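Have a look at the structure below before the remarks.
Quantities reported herein were computed from a predicted structural model and do not represent experimental measurements.
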Amino acid sequence: QVHVLESGGGLVQVGASLRLSCTASGRTFDAYAMGWFRQSVGKEREFVAAISWNGGSTPYADSVKGRFTISRDNAKNTVYLQMNSLKPEDTAVYYCAQGLTAVQNQGAYDYWGQGTQVTVSS
C-alpha cells in the first residue's frame, strides 16, 4: 500500500519562506514522478509544480515560477517544495501526489497525501 505524507505547512507573513516536505512509501520511490498541487477556499485544486523521477523535468505553474523550487532526494524518499517570497494568494492546502509522469494533469497521479495548510498573513 502506498502512503504519501506532507509536512512543513504553517502560518507565515508575506515575503517569508517555507519548505514543504513529502515522503512516499510502498513502492519504488525513484521510479515515479512527484507533484505538488494546492487548493484554496472556494477554488478548485490547481497544479503547482512537478518533478520527474530523476529530477530532469520540473514544470511549474506560472504563478509560482521564480519563487518556488521543487526538488527530490531519492535516497530519503522525499520531495521538497521550497517556497520563497510568499504572497497571501499562496494561502491554500498543499497536496503532494505520486504518478508516472511529471505533468500538470491531476489525473496522471494515482496516490495523494492528505494535505498541509499554508497560510500567508499580510
Roughly how far, to the nearest 0.5 Å, is the [atom2] atom of [Y] from the [atom1] atom of [X]?
X	Y	atom1	atom2	result
R72	S21	CZ	OG	13.5 Å
E46	Q39	CD	CD	9.5 Å
M34	S52	CE	OG	12.0 Å
T119	D90	OG1	CG	11.0 Å
W53	Y32	CH2	OH	13.5 Å
D110	L100	CG	CG	6.5 Å

For residues 93-103, which residue pairs pass the side-chain hydrogen bond (donor to acceptor under 3.5 Å, both in side chains) check, not counting sequence neighbours? R27-Q98, R38-Y94
Quick one: closest heavy-atom pair of [X] and [Y], and the distance?
X	Y	value
T69	Y60	CA-OH, 3.3 Å
S17	N84	OG-OD1, 2.9 Å
L86	R67	CA-NH1, 3.9 Å
S121	L11	CB-CD1, 4.0 Å
A102	A33	N-CB, 3.5 Å

Donor-acceptor pair, distance only, cut-off 3.5 Å: does the side chain of [X] make one with the backbone of [Y]?
X	Y	value
Q106	R45	yes
T91	V120	yes
E6	G115	yes

With F29 as reference, evaluate N77, D73, T78, T23 under the side-chain contact (heavy atoms from CB on, under 4.5 Å) test and give the passing residue.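 Among N77, D73, T78, T23, the one meeting side-chain contact (heavy atoms from CB on, under 4.5 Å) with F29 is N77.
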Using the side-chain contact (heavy atoms from CB on, under 4.5 Å) rule, pick out the option among W36, F68, Y80 that qualifies with L20. W36
If Ile, Leu, Val, Met, Phe, Trp and Tyr residues are connected whenever their side-chain heavy atoms lie under 4.5 Å apart, and connections chain through other members, are [X] and [Y] in the same group?
X	Y	answer
V64	I51	yes
V79	Y109	no
V48	V12	yes

By the disulfide bond (SG atoms under 2.5 Å apart) test, which pairs, at least two apart or in different chains, include something from residues 59-118?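 Every pair satisfying disulfide bond (SG atoms under 2.5 Å apart) with a residue in residues 59-118: C22-C96.
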Counting only heavy atoms not in E89, do more than 12 sit closer than 6.0 Å to its CD atom? yes
So, do S7 and T116 sit near enough that their side-chain heavy atoms are less than 4.5 Å apart?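 With C-beta onward as the side chain, the pair stays apart.
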Under-4.0 Å salt bridge between K65 and D62: yes
side-chain contact (heavy atoms from CB on, under 4.5 Å) between L5 and Q114: does it pass, once the steps are laid out? CA-CA 7 Å; L5 181 65; Q114 294 297 308; over 6 Å; no
